[in-house]
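In what follows, a structure is listed as structure tokens, so that the remarks can point back to it.
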Protein chains: 2
Amino acid sequence: MSPAPEPRKGARTRERILDAALGAFSEQGFNAVSLRDIAARAELTHVGLLHHFPSKEDLLIHVLERRDELDLAELREQTDVLDRSVLVWALRIVARDTTTPGAASLYARLSSEAADVDHPAHAHFVDRYQRLAGALATAIGTEIAEHGPPFPITAEQAGRQFLALMDGLQLQWLLEPDRVDMVGSLLGYLASLGIVIDRETIDPVGDPATTAGAGGERA
Amino acid sequence: MSPAPEPRKGARTRERILDAALGAFSEQGFNAVSLRDIAARAELTHVGLLHHFPSKEDLLIHVLERRDELDLAELREQTDVLDRSVLVWALRIVARDTTTPGAASLYARLSSEAADVDHPAHAHFVDRYQRLAGALATAIGTEIAEHGPPFPITAEQAGRQFLALMDGLQLQWLLEPDRVDMVGSLLGYLASLGIVIDRETIDPVGDPATTAGAGGERA
DNA sequence: GTCTATAGAAAGATAGAC
DNA sequence: GTCTATCTTTCTATAGAC
């Protein structure tokens, strides 16, 4: 008879719990954090927490959804031309994470944990990677259409980048094995530096399993 | 009086345990795996396992050391010219992991878990990243010295690469915050595609904390 | 070197009072 | 909506027999 239109106390408690869970998962990972840890941060008992989120998995899903909603809200506030703004937005997310280490490690940890198909956040991360990769490809494609690439880069920078590509591609490949050709992509990156290595040197058999999928047709 | 020169039975059991632990950690991560799981794979009880490795942490350290030893042994078997062989070797490791999903996820999972300074494998991963990044930079530098870069790349490939760089650089930055400039490196990558974005667009304040370190002097 | 038995701590979740 | 109390399971690790 009285569902008040004002934000109730319960909603604020939910927010407090989500903040606490975001911080705890970020610092220690999903498995290592207990409901009691999170509840203590939010200043209630773990039973009180379970009243709002009936299970630990349910809490995780809501933390991830909230985080993506906040990031997407930032994207929509951008007033630049659409395509390039996706790139600017992604870079700003990275820059922001630099100042908040806890939030930054959430995806680094959870996205690797979620490679397991039985992990409660597996579907979330698969979907997220697909949408992000698509948006970035569209934006970069638009840019490339206008001018060709000349560029300077240091060996230090290239080394770090190559290593990051190895780790990042591995994560993508674990989530979507058929859509990522790690070797092909790394060879393409080296080719962009003028370093040409024949694929047969790496993959002597020409294994069809490692040759399939987008993101790695040899250049 | 009789320390036999022949490999004893205990040594073979140790190997069986290390194999089992590698597989289990790879598939489920360090925290999610119990000593009983590993012991069951190695066909003994968890108490028998603790006779060989006095704690779970001790077991993890030995698993990582063994894995790196095997990879380095492969490197030493390569007969190519030294510098380029580092690149070929790294690519072959990636290619091999493609055929053995379990082994591939070990580092994806553990390297993100190990970002925590209190994690038993933290020092191991910090050291590993430093050595790898150095070797790769040397090899790429040698290549670059010979010819300049022209290259083709698809937008799909570039999108996946950019995303992998985001994830991979984040991991490096979590391990060595002072040595990785994520935004700078990503801007450098985009510049290599002919996409020039001013750093001030991303990082309006010119924050010295996000500008420091190698791997990201702006191109 | 491997076992059974068990200690001791902590986890996720439920029952029911207020 | 939040609590205390408790159940059930699972964990790492130890004690001591063989």
Side-chain angles (χ1 to χ4, degrees), chain A residues 1-25 27-64 109-110 113 116 118-121, chain B residues 1-21 23-25 27-63 109-110 113 116 118-121:
Chain A
M1 205 50 143
S2 52
E6 279 286 5
R8 296 183 216 65
K9 182 196 174 191
R12 300 227 281 108
T13 304
R14 262 182 86 97
E15 287 297 303
R16 248 179 33 239
I17 293 171
L18 287 171
D19 280 338
L22 174 63
F25 288 153
E27 292 166 16
Q28 299 166 255
F30 177 69
N31 288 319
V33 167
S34 72
L35 293 181
R36 284 171 177 82
D37 294 336
I38 299 166
R41 283 194 188 218
E43 294 177 310
L44 79 171
T45 65
H46 82 283
V47 181
L49 187 157
L50 284 169
H51 171 74
H52 296 274
F53 303 94
S55 74
K56 194 184 180 187
E57 294 192 7
D58 183 75
L59 176 57
L60 171 62
I61 297 304
H62 281 90
V63 166
L64 293 174
R109 294 195 61 131
L110 283 183
E113 288 183 9
D116 180 351
D118 293 329
H119 193 280
Chain B
M1 208 45 145
S2 52
E6 280 286 5
R8 296 183 216 64
K9 182 196 175 190
R12 299 227 281 109
T13 303
R14 263 182 85 99
E15 287 297 303
R16 250 183 27 243
I17 293 170
L18 286 172
D19 280 337
F25 288 152
E27 292 166 16
Q28 300 166 254
F30 178 69
N31 288 320
V33 167
S34 71
L35 294 180
R36 283 174 176 81
D37 294 335
I38 299 166
R41 284 194 188 218
E43 294 176 310
L44 79 171
T45 65
H46 81 283
V47 182
L49 186 157
L50 284 169
H51 171 75
H52 295 275
F53 302 94
S55 73
K56 194 183 179 187
E57 295 192 6
D58 183 75
L59 176 57
L60 171 62
I61 296 304
H62 281 89
V63 166
R109 294 196 60 133
L110 284 183
E113 288 183 10
D116 180 351
D118 293 330
H119 194 280

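The basis for the numbers below is simple: all heavy atoms, side chains too, and nothing from hydrogens, waters or symmetry mates. Proteins come first, then strands; the chains are lettered A, B, ... in the order of their sequence lines, and each starts at number 1.
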Find the distance [X]:[atom1] to [N]:[atom2] and express it as a whole number of Å.
X       : N      : atom1 : atom2 : answer
A:Phe53 : C:dA13 : CZ    : C1'   : 17 Å
A:Ile17 : D:dT2  : CD1   : C1'   : 11 Å
A:Asn31 : D:dC11 : CG    : P     : 12 Å
B:Arg12 : C:dT2  : CZ    : C1'   : 16 Å
A:Asp37 : C:dG12 : CG    : C1'   : 13 Å
B:Glu57 : D:dC11 : CD    : P     : 17 Å
A:Glu43 : D:dG1  : CD    : P     : 19 Å
B:Leu49 : D:dC11 : CG    : P     : 13 Å

Open item on the list: Could you go through B:Leu35 and B:Val47, starting from their C-alpha distance and side-chain angles, then the distance that decides it, and tell me whether this counts as side chain to side chain contact (heavy atoms under 4.5 Å, CB included)?
Closed with: CA-CA 9 Å; B:Leu35 294 180; B:Val47 182; over 6 Å; no
Open item on the list: Tell me the closest heavy-atom pair linking A:Ala42 and A:Arg16, and the distance in Å.
Closed with: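 Shortest heavy-atom separation between A:Ala42 and A:Arg16 comes out as O-NH2, 2.8 Å.
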For [N], does OP1 or OP2 lie under 4.0 Å from any side-chain N or O of [X]?
X       : N      : result
A:Thr45 : D:dC3  : yes
A:His51 : D:dT2  : no
A:His46 : C:dA11 : no
B:Thr13 : C:dT2  : yes

Open item on the list: Using a heavy-atom cut-off of 4.0 Å across all strands, would you classify B:Leu35 as base, sugar-phosphate, or nothing?
Closed with: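 The residue B:Leu35 makes sugar-phosphate contact but no base contact.
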Open item on the list: Mind checking if A:Leu50 touches a base, just sugar-phosphate, or nothing, with heavy atoms under 4.0 Å?
Closed with: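 Answer is base: heavy atoms of A:Leu50 come under 4.0 Å of a base.
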Open item on the list: Around atom CD of A:Glu15, are there more than 12 heavy atoms from other residues, nucleotides or ligands closer than 6.0 Å?
Closed with: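 Check passes, neighbour count above 12.
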Open item on the list: Please evaluate residues A:Leu59 and A:Leu49 with respect to the criterion side chain to side chain contact (heavy atoms under 4.5 Å, CB included), reporting the C-alpha separation (whole Å), side-chain torsions for both, the decisive distance (0.1 Å), and the verdict.
Closed with: CA-CA 9 Å; A:Leu59 176 57; A:Leu49 187 157; 4.1 Å; yes
TODO: Hey, which sits more toward the 5' end of DNA chain D by its nearest nucleotide, A:Gly48 or B:Lys56?
DONE: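 On the 5' side of the pair lies A:Gly48.
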Task: A:His52, nearest nucleotide to its side chain (from D:dA5, C:dT4, D:dG1) - done: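 Nearest to the side-chain atoms of A:His52, counting from C-beta on, is D:dG1.
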- [ ] Looking only at side-chain atoms of A:Arg36, point me to the closest of C:dA13, D:dC3, C:dC3.
- [x]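 The closest nucleotide is C:dA13.
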Open item on the list: Salt bridge check, B:Glu27 against B:Arg41: does any charged N sit closer than 4.0 Å to a carboxylate O?
Closed with: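 Here B:Arg41 pairs with B:Glu27 in a salt bridge, since their nearest N and O are under 4.0 Å apart.
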